[in-house]
Amino acid sequence: MGMKPSPYATKIPYEEKDNKVVGGRPNPADRSDAIDKVTGRARYAADYNLPGQLIGKVLRSPHAHAIIKSIDTSEAEKLPGVKAVVTRDDFPDMEVEHAASGELMVNFRDVTRNMMAREKALYDGHPVAAVAALSESIAKEAMKLIKVDYEVLPHVIDVRDAMKDDAPLLHEELFTKGAGIEPDPSKKSNIATRMESRLGDIEEGFKQADFIVEHESNTKAAHQGYIEPQASVANFTEGGTIEVYTGTQGHHVFRAQLAKLLKMDISKIKVVPAELGGGFGGKNNVYLEPLAAQLSRMANRPVKMVMTRDEVFRATGPTSGTNCKVRMGCTRDGRITAAQAELNYQAGAFPGSSLPLASITVFTRYDLENVLVVGHDVVCNRPKVAAYRAPGAPMIAFAVETAIDDLARQCGMDPIDFRLKNAAKQGTQTHFGPPLGQIGYIETLEAAKASPHMNEPLGPNQGRGIASGFWFTIGNDTSATINISEDGTASLIFGTVDVTGGMRSAFAMIVAEELGIPFEKVRTQVGDTSALGFNFMTAGSRGTAAGSMAVVKATRDAIHRACEIAARKWEVETDQVVWENGHARPASANVGDFEPLSLAQLCREATWFGGTIAGHAEINVAMGGPGFGTHLVDVDVDRQTGLVKVLRYSIFQDAGKAVYPAFIEGQFQGGAVQGIGMALNEEYIYSDKGTMENPGFLDYRVPVASDVPMINTHIVEVPNPDHPYGVRGIGEVPIIPPLAAISNAIHDAVGVRLLDHPMSPPKVLKALDEAAPAEAAE
Amino acid sequence: MTKHHIQTTLNGDEIDVLVEPTQSLLDVLRDELHMTGTKEGCATGDCGACSVTIDGNLVCSCLVLGVEAGGRNIETIEGMADGDQLHPLQEKFIEHVALQCGICTPGLLIAAKHLLEENPDPTEEEVRYGLAGNLCRCTGYQKVVEAVLDAAQVMQK
């Protein structure tokens with residue numbers, strides 16, 4: 001983010017009305033993406049092949065931390081079939097320059113070092129060279145011939161170890177910056193940034209407390225786990241232009257980054273976003289694109305590069321592993337008086353974790369007077385972290401929502417009632433900045449409390465947990481174009497990459513609603529970078545929320561044009577024509593007695609009356625419409641094995657107004673299952689040499705169908721007041737509560753408090769052993 | 001690397017292809033035959049995105065060598081619909097919004113079709129275990145399971 005809100009940003013007030021299409025259930029077979037996805041026709045990045053293409057592969061560091069003394073590529077270049085080899089020498093070094101890339105900021109000095117190591121290899125998997133050859137087997141053979149002379153250095157993996165004074169240092173020029181810190185040039189550190197935000201008087205708040213709970217949680221890095229590995233095809237032409245087909249959450253942002261990394265004009269680059277096989281924040285960053293582009297430039301042929309799953313795990317961004325300390329106090333009657341947190345977040349090899357985002361979510365569900373949040377962004381010898389669905393929030397929610405649970409217990413209160421007593425509402429002052437607007441957190445708690453889930457019986461060793469989450473909705477640059485075809489059907493081009501098909505469907509519904517034509521008469525597609533003005537990424541839950549603002553504006557622009565044609569035909573003024581039910585009509589009887597004209601009729605008249613009907617929007621959407629959710633989970637804990645089985649799961653989340661409810665349910669369910677996987681199984685495991693020991697789906701185990709139950713979803717609708725259809729971002733909140741909810745359920749089931757992630761069988765058994773050694777020994 | 005000449009049946013068509021001895025069937029399908037509906041998610045047999053059937057047996061095509069495919073009967077996602085008539089599973093996946101990004105969908109459909117051939121009237125649990133070899137990271141599986149159960153009902157009629 002890192003941007004101040006602009007006074008010129010677009011907001012459109014919520015329009016309360018009865019919708020015919022929006023909020024309903026159109027025939028899903030008319031989804032623009034559906035048929036292609038079930039027949040194998042949908043084209044993902046790895047499905048693109050260009051005539052004459054070469055295959056590119058990346059040679060990666062086997063060391064967690066090493067000086068690269070020299071790289072000798074001469075033997076590789078001599079191998080028949082090898083057409084180009086690139087190393088650090090083939091890319092310009094870059095100055096410190098920050099830019100937004102998805103929800104996190106990037107620094108070009110580091111982007112160029114992450115895509116290709118320069119002075120040092122900073123993690124197992126860090127690229128050190130890339131080869132383009134006639135075939136994959138030749139490229140692999142060539143990689144064996146590249147001689148890299150490494151001087152291996154001591155490494156550091158854990159965030160707490162990396163913060164110590166005597167820790168191996170990753171960057172010679174890194175000094176801690178930030179709140180309360182005078183940069184000390186004599187004190188190099190792995191702590192890149194210290195952040196601090198406060199509200200009220202934290203010491204006074206703790207003095208007022210009758211009960212105080214302190215939690216320290218530790219979480220391991222977890223990967224986004226998209227099923228489609230990164231893939232790119234780059235085609236550099238002799239004319240100095242380049243086209244790149246790639247899997248990305250933001251093709252315009254990638255184009256701008258490529259222009260910098262390759263020192264080219266932005267307009268000479270075309271990035272075509274392929275159908276995206278999952279991203280979850282992990283496809284907000286360039287990895288292969290600049291390498292494929294440079295190889296193509298040197299070989300004068302298209303170059304295709306596809307990562308293996310091993311490369312995806314070792315070298316693309318997982319989320320931060322963390323260490324969090326939370327201290328909260330409340331009065332006997334359950335009013336929170338003080339809330340304090342320290343967030344220590346791994347950034348990976350370069351500064352810039354999700355800390356700035358995580359730190360604004362810490363307590364932002366509660367109406368608090370005294371808050372202190374401190375955070376550290378810490379580099380360590382791991383892949384540079386990337387955004388992962390509500391980046392950073394699940395981990396701090398793990399510590400906070402479990403502390404809330406323990407406070408409620410100390411007060412003898414029901415955990416939902418405790419949250420209701422402290423819940424944030426319109427006007428609640430946040431610790432990081434503005435007060436909250438119209439939100440629906442209380443409604444999610446009340447829906448949970450009233451749900452049938454609460455009455456389901458629990459057996460022995462079974463427990464129920466609850467937790468809540470908050471995430472914001474970012475706005476930013478958004479463009480859309482709608483073209484009305486000669487037959488009155490509509491074709492929408494938009495620029496926020498559609499990760500699920502949900503945007504194409506939701507936007508088609510909104511266009512149909514606005515134009516008054518059937519859903520199946522609207523086709524929607526993501527345009528490449530040559531089709532539209534700049535669009536920010538699909539990140540920060542903005543895709544549907546921000547994208548639809550541009551869609552509404554573009555469609556209304558087209559409607560204005562349609563009304564203009566009717567006015568010219570009727571020889572009246574444009575403002576004397578209104579658009580109703582898919583027809584231009586006289587605004588009143590005074591205008592004249594004219595037969596309403598349909599879109600198709602107007603299209604036939606368009607040529608004579610000035611030209612075709614189209615509409616555009618190029619806007620900066622204002623940030624707004626934060627989302628809140630509450631999860632209920634029932635678990636069964638096997639005391640013999642430590643296995644935690646999820647028995648029942650329910651989600652209550654404010655979606656603003658649902659455009660296509662079935663997709664929202666899918667987002668809720670998918671996000672929660674990612675959270676369940678993170679809670680119970682998923683973790684990066686490192687050897688003592690700092691190499692990743694589980695870079696595959698066999699050992700990095702994401703949930704499979706038999707691991708999870710049916711998940712009940714309840715869509716709460718408190719409209720976003722700054723959106724014409726009341727839409728809020730919904731994609732990220734669902735991954736936030738599961739860690740804490742499951743820990744709370746385990747506590748309810750067997751009375752032990754798990755704060756070490758993942759809550760895998762060995763950890764659960766250990767906790768049970770410590771709680772009752774005699775019982776466990778039986 | 002010397003290539004081998006393979007003759008095999010793919011979605012009912014008899015085809016000839018030259019393959020490297022180390023190439024997987026998945027790579028042969030995608031890179032030599034340009035049948036890109038079958039996806040690679042891991043190349044280690046863990047994710048199921050490359051599921052195909054060989055002589056009616058469900059396999060991960062990344063774990064089969066291309067040269068082993070000679071003389072067999074291979075079915076991929078491209079052969080699932082009958083002309084423009086979608087298979088009931090394809091229809092139900094769409095109807096239940098059982099696909100989001102869609103990268104796992106071809107593999108899931110092939111696996112689900114095989115499951116229903118073996119067990120035409122599965123329980124929810126049988127569907128979940130039957131599809132446990134196919135990773136989906138978007139849906140949380142619920143709508144996939146609902147789609148398969150619904151398709152089973154339709155297909156029995």
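So that the names make sense, note that chain A is the first sequence line, chain B the second, and so on, each numbered from 1.
Scanning both residues, A:A662 and B:V97, for their nearest heavy atoms gives CB-CG2, 3.8 Å.
Ion pairing between a basic and an acidic side chain is recognised when a charged N comes within 4.0 Å of a carboxylate O; B:E20 and A:K140 show no such pairing.
The structure places CD of B:E125 at 8.5 Å from OG of A:S706, a figure rounded to the nearest 0.5 Å. Here CE of A:M710 is found 10.0 Å from NZ of B:K143. Values are rounded to the nearest 0.5 Å. Taking SG from B:C42 and CD1 from A:I227, the interatomic distance works out to 8.5 Å, rounded to the nearest 0.5 Å. Note: A:R31 CZ to B:I94 CD1 = 7.5 Å, rounded to the nearest 0.5 Å. Between A:T500 atom OG1 and B:L99 atom CG the span is 9.5 Å, to the nearest 0.5 Å.
Although no hydrogens or angles enter the test, the distance criterion places a donor-acceptor pair under 3.5 Å between the side chain of B:Q142 and the main chain of A:I711. At distances below 3.5 Å, not a single donor-acceptor pair connects side-chain atoms of A:E275 with backbone N or O atoms of B:C101. Of the possible polar contacts, one joining the A:R309 side chain to the B:G41 backbone as a donor-acceptor pair under 3.5 Å is found.
Both the backbone and the side chain of A:V708 come within contact range of chain B, with heavy atoms under 4.5 Å apart. Looking at A:F668, there are no atoms closer than 4.5 Å to chain B (heavy atoms on both sides), in backbone or side chain. Residue contact with chain A, scored on non-hydrogen atoms closer than 4.5 Å, is absent for B:H87. Contact annotation for B:A43: neither backbone nor side-chain heavy atoms come within less than 4.5 Å of a heavy atom of chain A. In this structure, chain A has a heavy atom under 4.5 Å from the side chain of B:F93, while its backbone stays farther away. Of the atoms belonging to B:T139, it is backbone heavy atoms, and not side-chain ones, that fall under 4.5 Å from chain A. Only the side chain of A:S137 comes within contact range of chain B, with heavy atoms under 4.5 Å apart. Residue contact with chain A, scored on non-hydrogen atoms closer than 4.5 Å, involves the side chain of B:L86 exclusively.
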Show the numbers, then the answer: is there a salt bridge (charged side-chain N to carboxylate O under 4.0 Å, His left out) between B:D46 and A:R701? CA-CA 9 Å; B:D46 299 314; A:R701 194 174 178 288; over 6 Å; no
